[in-house]
Amino acid sequence: AQAKAKLPAMERMRTAANAVEEQARVLGAHLKANDPVDLKRPTWTLEEAAAKQRQDADLEEIAMLSLVHGALNRDPNLPEGREMLADYYAAKHRAAERAHDAPSAERWEVLLRAQGVAKYQHYLQGRGTLDLITRPANAQVDLYSFREQDRILVPTFQRTLGTTPLLDVELPIGSYLLKIRAQGRMEVTYPVVIRRDEHWHGRAPGTSAPFPIDLPKLGTLADDEIYVPAGWFEFGGDPVSLNPWPARQVWLDPYVIHRTHITTARYGAFLDALYRDGLHDLCQQANPGIRQPYFGRDASGRHLPVPDPDGDLIEPGWPMVEVHPDQMDLYARWFSETTGQTWRLPSHAEWEKAARGVDGRWFPWGNKADPTFSHNRKEGRLLPIDAGSTPTDCSVYGLMDAGGNLSDLTRSRGKRGWVPPVVDGKVLDEGADLAGHNRIFVGYSFLTPANGRICTRWLSLSSQPHSWIGFRLSRPL
């Protein structure tokens, strides 16, 4: 009873510490590195108060465990004591699994098993269930599990699950890739994560039936487009990333996104089309550049990149840089008119899901970093490389260069110290009421260290072109 009485106090302390840490984060977001101590002191005071509250909670936790172990020393079979320890170890085990901390998860699992509490027998079996409905039905579904190979998560074929619809299929916990095939339809990549005692149901917010996964007809997508099926994914939740946000489950309807950034060659073709249509002023307005116009015209009238002021020759396969956000929007409108489809910059959530998948991994390729996996800051001249030319910097859906080469501008908006709300599974980071916020850009570039953590977001972008930020487009399916 004494041990149980400490649980509410521990929870209150940790909740209070989280609230104070959030206050410190919001207050500190407006500070500059060289601001005087007088300006930094209020933030420091909040940080120290939060640390003290967290320390007090840890001491209460130690006291609680001491009481439980003391009771079990007197009566090793005391049911209440065993159950309290089991609840404690189960909570730690869940947190370790979600943090991809396998050694800690194994430790907590051993301790949980040792308690022999009946209510955790099914949990410890480590199984969950899956529903999958497709449109059209009768599609074959092959199951792949992820195995780490040279620090990269590689899909490995396990078995064929059958044909859709699939309901209440029991699977061991883990991250999986489903490959869905039907005659006359493109093969669809559909990642899922099966958690203990949980059901991957694929139900959209406010609905009670699984959302059918559309299987696009062959030829629907161009070679440089990838399809991200509808569903939930874990948005945020990486405490080591820059400007971290809490983990939230977010729903996205099906969409298509470009595999790589818009390249110099593609942007030059856009300018050629404007000029050819007699839109000379608009063509000049759309010509990017910071220190000089990015493109000139050769004798045949084609727009080609000119050497930059440092003498670097711009390659046609390089991702396009030095583009103002308004010019990106102009390109998106032109591309929409050209294709008859609704293209725009991706939202922050669209980019993160396409780059990360659904299992909460830290990097596009898995959970471990290596400088060779993405194109980041290296010795010598710092320049981009051809878009999509680093095969390891590839997500489960096929999105390239999310961990390096160029960062991506999104259509979402944010500001320092602000975390967008998630309501009914939707991220509220767009709209007229956010017009005063700056656009969010995401991902790492050739100028940044080899970190590449997908949840990193940059919240203080001014509306200016930059040499390390590119763009790609997305559209509804």
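Because only heavy atoms are used, hydrogens play no part in the values below, and waters and symmetry mates are left out as well, while side chains stay in. Small disclaimer: the values here were computed from a predicted structure and weren't measured.
Closest approach of Pro191 and Val396 over heavy atoms only: CG-CG1, 4.0 Å. Scanning all heavy atoms of the two residues, the minimum distance from Ile454 to Ala402 falls at CD1-CB, 4.0 Å.
If you check the side chains of Ser104 and Asp101, you find a donor sitting under 3.5 Å from an acceptor. Under 3.5 Å, the side chains of Asp401 and His375 contain no donor-acceptor pair of N or O atoms. Side chain to side chain, Arg266 and Thr264 fail the donor-acceptor criterion of an N or O pair below 3.5 Å. Side-chain atoms of Glu61 and Tyr88 include a donor-acceptor pair closer than 3.5 Å. Side chains of Asp142 and Gln140: a donor on one and an acceptor on the other come within 3.5 Å. No hydrogens or angles considered: a donor-acceptor pair under 3.5 Å links the side chains of Asp429 and Ser412. In this structure, a donor-acceptor pair under 3.5 Å is absent between the side chains of Tyr444 and Asn405. Side-chain contact annotation: Thr410 with His348, donor-acceptor N/O pair under 3.5 Å absent. Side-chain atoms of Asp253 and Trp251 form a donor-acceptor pair, as typed in the model, at a separation below 3.5 Å. For the residue pair Arg344 and Ser474, a side-chain donor N or O sits within less than 3.5 Å of a side-chain acceptor on the partner.
Rounding to the nearest 0.5 Å places OG1 of Thr43 at 3.5 Å from CG of Leu27. With rounding to the nearest 0.5 angstrom, the CD atom of Glu315 is 10.0 Å from the CG atom of Leu383. Separating the CZ atom in Phe335 from the CG atom in Leu330 is a distance of 14.0 Å, to the nearest 0.5 Å. For the atom pair OG1 of Thr134 and CG of Leu215, the computed distance is 5.0 Å after rounding to the nearest 0.5 Å. Note that CD of Gln158 and OH of Tyr144 are 10.5 Å apart. Values are rounded to the nearest 0.5 Å.
For Arg135, the salt bridge (Lys or Arg N to Asp or Glu O under 4.0 Å) partners at least two apart in sequence or on another chain are Asp214.
Taking the six-membered ring for Trp, His258 and Trp343 have ring centres closer than 6.0 Å.
Looking at heavy atoms from C-beta onward, Ile257 lies out of side-chain contact with Leu473 at the 4.5 angstrom threshold.
Under a 4.0 Å N-O distance rule, the pair Glu97/Arg196 qualifies as a salt bridge. Under a 4.0 Å N-O distance rule, the pair Glu225/Arg472 does not qualify as a salt bridge.
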